[in-house]
Amino acid sequence: ANCLMAQAVVGATRESLRVGISSEFENLNPLIGNQAATKFMLYLAHRPLVILSPDLQWKPLLIKDIPDLKNKMVRKKGDGLEVDIEFIPNLRWGDKTPVTCADYHLAWKVGTNKNVSIPDREKFDNVANVTWDKASPTKCKIEYKKAKYDYFTTFLELLPSHLEGPIFEKHKSKSEGYDQNSLYTKK
């Protein structure tokens, strides 16, 4: 064992990065997974709406712009905020189905359901509503209960509503029913 470890250390260079994990990921559901191995796999396969770039600037990834007061995509509403987002053109799931606000809405509904094992509900619970005009299904309005300066860092991870929606509807009233029947966890 010592010989193998020494060989691995000697073989590493400044230009390479090797990562070893001695555990399996529990599923690939971006809302439910909470193990380090799962998060590591999700970082490789799943894309968030915004990212923190290497130069430490927030950048839109799946949306056209990061909403702020300057571009008038954020408005104060009571104690909360009203935020507009628009997905980038031609954004599609792996089966070629377009990504829409229904996918964001489903993530919110799943994340607020007490029968689903969400590791951290705070970002879901702060959302009051997700709406969109049927004529513009890629332009969403997100209403937050509390105004927070970091609202855009807590955008929800998307779920494919055309696939996961029927499963959630069927199993949402049973404890861990969605968790166990999601396409992300089915074997």
Side-chain angles (χ1 to χ4, degrees), residues 23-51 60-63 66-67 77 80-88 91-134 136-148 150-187:
S23 88
E24 289 189 30
F25 55 93
E26 76 262 51
N27 63 58
L28 289 175
N29 191 310
L31 304 187
I32 298 171
N34 66 354
Q35 293 179 349
T38 301
K39 291 299 184 188
F40 182 77
M41 295 302 292
L42 284 172
Y43 291 143
L44 297 173
H46 197 275
R47 301 293 178 252
L49 300 189
V50 298
I51 59 167
L61 188 61
L62 300 183
I63 55 178
I66 295 179
K77 184 178 180 184
L81 293 176
E82 196 172 73
V83 176
D84 298 326
I85 61 169
E86 183 175 358
F87 294 112
I88 57 175
L91 186 60
R92 298 183 181 281
W93 291 102
D95 64 1
K96 308 294 184 212
T97 301
V99 171
T100 68
C101 300
D103 302 317
Y104 197 94
H105 185 263
L106 176 64
W108 171 54
K109 293 309 250 181
V110 169
T112 55
N113 186 295
K114 301 298 182 204
N115 290 319
V116 179
S117 303
I118 301 294
D120 181 14
R121 267 186 222 287
E122 182 180 356
K123 67 181 179 179
F124 298 97
D125 288 341
N126 191 36
V127 175
N129 203 5
V130 178
T131 58
W132 63 97
D133 182 344
K134 299 231 186 281
S136 303
T138 59
K139 295 179 180 181
C140 320
K141 183 178 294 185
I142 305 163
E143 295 175 37
Y144 290 96
K145 297 173 186 173
K146 297 177 191 164
K148 295 184 176 184
D150 64 347
Y151 60 91
F152 61 91
T153 66
T154 63
F155 282 143
L156 307 180
E157 294 85 0
L158 301 173
L159 288 177
S161 61
H162 65 292
L163 299 173
E164 292 291 302
I167 295 166
F168 174 68
E169 287 303 317
K170 182 177 180 181
H171 300 284
K172 67 182 179 183
S173 59
K174 180 183 175 201
S175 180
E176 295 185 6
Y178 171 72
D179 307 37
Q180 295 167 1
N181 291 283
S182 166
L183 293 175
Y184 288 104
T185 50
K186 281 236 171 217
K187 294 180 173 125

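The closest side-chain heavy-atom distance from W93 to S161 is not below 4.5 Å. I142 places none of its side-chain heavy atoms less than 4.5 Å from the side chain of Y151. Using a 4.5 Å cut-off on side-chain heavy atoms (C-beta onward), I63 and V50 make contact. Within the 4.5 Å cutoff, side-chain heavy atoms of L158 are placed close to those of L49. A heavy-atom distance below 4.5 Å is found between the side chains of I85 and C140.
Here the side chain of S136 pairs no donor or acceptor atom with the backbone of D133 at under 3.5 angstrom.
The minimum heavy-atom distance linking V110 with L159 is given by the pair CG2-CD1, 3.9 Å. Closest approach of W108 and V127 over heavy atoms only: NE1-O, 3.2 Å. The nearest pair of heavy atoms linking N115 to K174 is CB-O, 3.4 Å. For the pair W132 and V130, the tightest heavy-atom approach, listed with the atom from each and the gap, is CZ3-O, 3.8 Å. Between K172 and E169, the shortest heavy-atom contact is NZ-OE1, 2.9 Å. Residues H162 and D95 come closest through the heavy atom pair NE2-OD2, 2.7 Å.
Listed by first then second residue, pairs satisfying salt bridge (Lys or Arg N to Asp or Glu O under 4.0 Å) with a partner in residues 117-128 read E122-K148, K123-E157, not counting sequence neighbours.
Once rounded to the nearest 0.5 Å, the distance linking CZ of F124 with CG of N113 reads 11.5 Å. The CG atom of L61 sits 7.0 Å away from the CZ atom of R47 when rounded to the nearest 0.5 Å. Between the CZ atom in F152 and the CG atom in L81 there is a gap of 12.0 Å [rounded to 0.5 Å]. Distance check, rounded to the nearest 0.5 Å: SG of C101 to NZ of K134 gives 10.0 Å.
The aromatic rings of F168 and Y178 sit perpendicular to each other, their planes meeting at more than 60°, with 30° as the lower class boundary.
Residues passing the salt bridge (Lys or Arg N to Asp or Glu O under 4.0 Å) test with E82 are R75, K77, sequence neighbours excluded. Annotation: side chain to side chain contact (heavy atoms under 4.5 Å, CB included) contacts of L91 (sequence neighbours excluded): L62, F87, I88, V99.
For NZ of K139, the number of neighbouring non-hydrogen atoms (other residues, nucleotides, ligands) closer than 6.0 Å is 12 at most.
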